Amino acid sequence: MADRPYTLLSCSMSFVFNNAAATESRLLLSNDLDFDRVDQVRAGVDAIVVGATTVRNDNPRLLVRDPGRRRARLDRGLTEHPVKVTVTQRGRLDPSQRFFADDGSRKLVYASSRVAAALDERLGRLGEVVDAGDPVRMADLSRDLYRRGVRRLMVEGGAAVHTQFLADDLVDELQLVVAPFFVGEAGARRFVGEGHFPWHPGRRAVLAETRQLGDVVLLRYALSDRCAPTD
Ligand SMILES: NC(=O)c1ccc[n+]([C@@H]2O[C@H](COP(=O)([O-])OP(=O)(O)OC[C@H]3O[C@@H](n4cnc5c(N)ncnc54)[C@H](OP(=O)(O)O)[C@@H]3O)[C@@H](O)[C@H]2O)c1
C-alpha cells in the first residue's frame, strides 16, 4: 500500500519541449479546450503543487473555475478547491500573490528549515508554513500530504519541481500537452532539467492515451501500475 498520493504530473510544452520563456513573462502554450481539461483535472484532485518560481512568475490562482465542478466537489464532501501547495528554499514569497488570495482554499507552504519561521511570521494566517527540513525532499512532502488526507495530487510545475518528482519516481501519471509551435530563444526553459530519470531507453513509459484538443494534443503516460491505461 503506497504511503503517498496518486500523483499526476501535468505540463504543456512546445515542439522543442520548452515549457516556459527565457524571461519571467508567461508563455501561453495551451488553448481554451485544454484550459478546460486542466480545470476538470484540478476538480478531481485534493491538492496542487507548484514551485515558488511559478508562484512568482505566473501568479496563478490554482482554483477550479467551473461552478458546476465546484458544486460537484462540495456534493462529494470535498472543499470547493483543492489545497494549494508550494515549496521554497529561500522563502521569497509575496503575500500579495494570487496563491495567497482569500478564496476559500487551504494553502500549504513547504519551506526549508532555514526560512520557515520567518516566512510563517510574514504570511501569518494567509498560509500554513511547514518546516520541511533542509533540503526539502519531494518524497517527504508527498508523504506529509498523504498524512494530511491528500489522496490525489496534481503537480503543475515548473521544471525544478517536475524534475524532482520524476527523478524520485513519485509520479503515477504524466500528462503532456504539445503546443504547435517552436520556442527558439536562448535560455527558454525545458519541461525538465538534468536528472537521473527512472524512464530511459531501457525502461519505456506506457502510453495510456492520446487526445486531440483543437490544435494541441494530450499525451497521457502511465508511469506506475497505479495508473490504468483505460482511465
Ligand atoms: N508549461 C507548463 O505547463 C508550466 C507549468 C508550470 C510552470 N511553468 C513555468 O515554469 C517556470 C518556473 O519553473 P522553474 O523550474 O524555474 O521553477 P519552479 O519549479 O516553479 O520553482 C522552483 C523554485 O521552487 C522552490 N523549490 C524547488 N524545489 C525545492 C526544494 N527541493 N526545496 C525547497 N524549495 C524548492 C525554490 O524556490 P525559492 O526560489 O523560493 O527558494 C525554487 O527556486 C515559470 O516561469 C512558469 O511559467 C510552466
Side-chain angles (χ1 to χ4, degrees), residues 8-31 34-35 37-39 41-42 48-62 84-95 97-100 107-116 118-120 122-123 127 129-145 153-168 170-171 173-183 185 187-195 213 216-220:
L8 64 92
L9 189 147
S10 165
C11 184
S12 51
M13 59 193 187
S14 75
F15 281 153
V16 284
F17 292 2
N18 302 104
N19 74 341
T23 61
E24 289 177 5
S25 62
R26 190 173 193 177
L27 175 65
L28 279 185
L29 292 141
S30 293
N31 58 22
D34 189 51
F35 281 129
R37 179 196 66 83
V38 170
D39 193 61
V41 176
R42 283 182 180 169
I48 302 171
V49 183
V50 292
T53 305
T54 295
V55 172
R56 287 188 289 262
N57 287 6
D58 292 6
N59 199 13
R61 288 190 172 83
L62 302 177
K84 298 183 193 180
V85 181
T86 191
V87 56
T88 179
Q89 184 71 26
R90 297 175 295 167
R92 290 193 200 152
L93 286 166
D94 178 350
Q97 297 274 16
R98 287 177 185 148
F99 181 95
F100 297 108
K107 291 98 179 167
L108 288 172
V109 179
Y110 287 83
S112 74
S113 299
R114 273 183 272 170
V115 300
L119 187 59
D120 187 36
R122 185 143 48 88
L123 292 178
V129 176
V130 180
D131 181 338
D134 196 5
V136 181
R137 294 184 199 285
M138 296 306 158
D140 297 337
L141 180 150
S142 292
R143 273 194 295 271
D144 190 73
L145 286 174
L153 176 65
M154 181 178 188
V155 182
E156 288 212 32
V161 166
H162 279 155
T163 302
Q164 294 169 75
F165 268 88
L166 286 165
D168 292 349
L170 298 169
V171 183
E173 178 177 338
L174 179 57
Q175 299 188 353
L176 293 179
V177 165
V178 181
F181 53 81
F182 295 87
V183 177
E185 60 185 312
R189 281 162 286 190
R190 301 248 167 163
F191 161 41
V192 289
E194 287 178 20
L213 296 151
V216 306
V217 62
L218 165 71
L219 305 169
R220 219 163 52 80

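Bear in mind the structure is a predicted one, so any value in this text is a computation, not a measurement. Start at 1 and go down the list; that is how both ligands and their atoms are numbered.
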* To do: Below 4.0 angstrom from a heavy atom of G51, which ligand 1 atoms are there? Numbered from 1 as shown, please.
  => 18 (P), 20 (O), 21 (O), 24 (O)

* To do: Could you tell me whether V161 and ligand 1 have an N or O pair separated by under 3.5 Å?
  => yes

* Of the backbone atoms (N, CA, C, O) and the side-chain heavy atoms from C-beta on, which set of H162 has a member under 4.0 Å from an atom of ligand 1: side chain, backbone, both, or neither? -> neither

* Of all heavy-atom pairs between V161 and V49, which one has the smallest distance, and what is that distance? -> CG1-CG1, 4.3 Å

* Asked: Is there a donor-acceptor pair closer than 3.5 Å between any side-chain N or O of R189 and the backbone N or O of G158?
  -> no

* Do the side chains of R98 and V55 get nearer than 4.5 Å, heavy atoms only? -> no

* Could you list which atoms of ligand 1 come closer than 4.0 Å to a heavy atom of R189? => 11 (C), 12 (C), 16 (O), 45 (O)

* Asked: Under 4.0 angstrom from ligand 1, any heavy atom of R56?
  -> yes

* Asked: Counting each atom of ligand 1 from 1 as listed, which ones have a heavy atom of A159 under 4.0 Å away?
  -> 13 (O), 14 (P), 15 (O), 19 (O)

* Please verify whether a non-hydrogen atom of Q164 lies at under 4.0 Å from ligand 1. => yes

* Asked: Among pairs that include at least one residue of residues 9-21, which meet salt bridge (Lys or Arg N to Asp or Glu O under 4.0 Å), considering only residues two or more places apart or in two chains?
  -> none

* Asked: With a 4.0 Å cut-off on heavy atoms, does V87 reach ligand 1?
  -> yes

* Asked: Hey, are R42 and D39 close enough for a salt bridge, meaning a charged N less than 4.0 Å from a carboxylate O?
  -> no

* To do: Please indicate whether any nitrogen or oxygen in D58 is less than 3.5 Å from any nitrogen or oxygen in ligand 1.
  => yes

* Nearest protein heavy atom to atom 6 (C) of ligand 1, by residue and atom, and its distance? -> E156 O, 2.9 Å

* Structure fact -> Checking heavy-atom distances from atom 10 (O) of ligand 1 to each of G91, S112, G158, the winner is G158

* Asked: Does even one non-hydrogen atom of C11 get within less than 4.0 Å of ligand 1?
  -> yes

* Asked: Starting from atom 36 (C) of ligand 1, which protein heavy atom do you reach first, and at what distance in Å?
  -> Q89 N, 4.0 Å

* Structure fact -> Nearest heavy atom to atom 42 (C) of ligand 1, choosing from T53, L29, T163, belongs to T53

* Contact between S12 and ligand 1, counting heavy atoms under 4.0 Å? -> yes

* Structure fact -> Value for OG1 (T54) from CD (Q97), rounded to nearest 0.5 Å, stands at 11.0 Å

* For ligand 1, which atoms sit closer than 4.0 Å to a heavy atom of A160? -> 15 (O), 19 (O), 22 (C)

* Say whether, by atom type as modelled, one donor and one acceptor occur between the side chain of H162 and the main chain of G157 under 3.5 angstrom. => yes

* Mind checking whether R137 has a heavy atom under 4.0 Å from ligand 1? -> no

* **Heavy-atom nearest neighbour in the protein, as seen from atom 45 (O) of ligand 1, with distance rounded to 0.1 Å** => N57 ND2, 3.2 Å

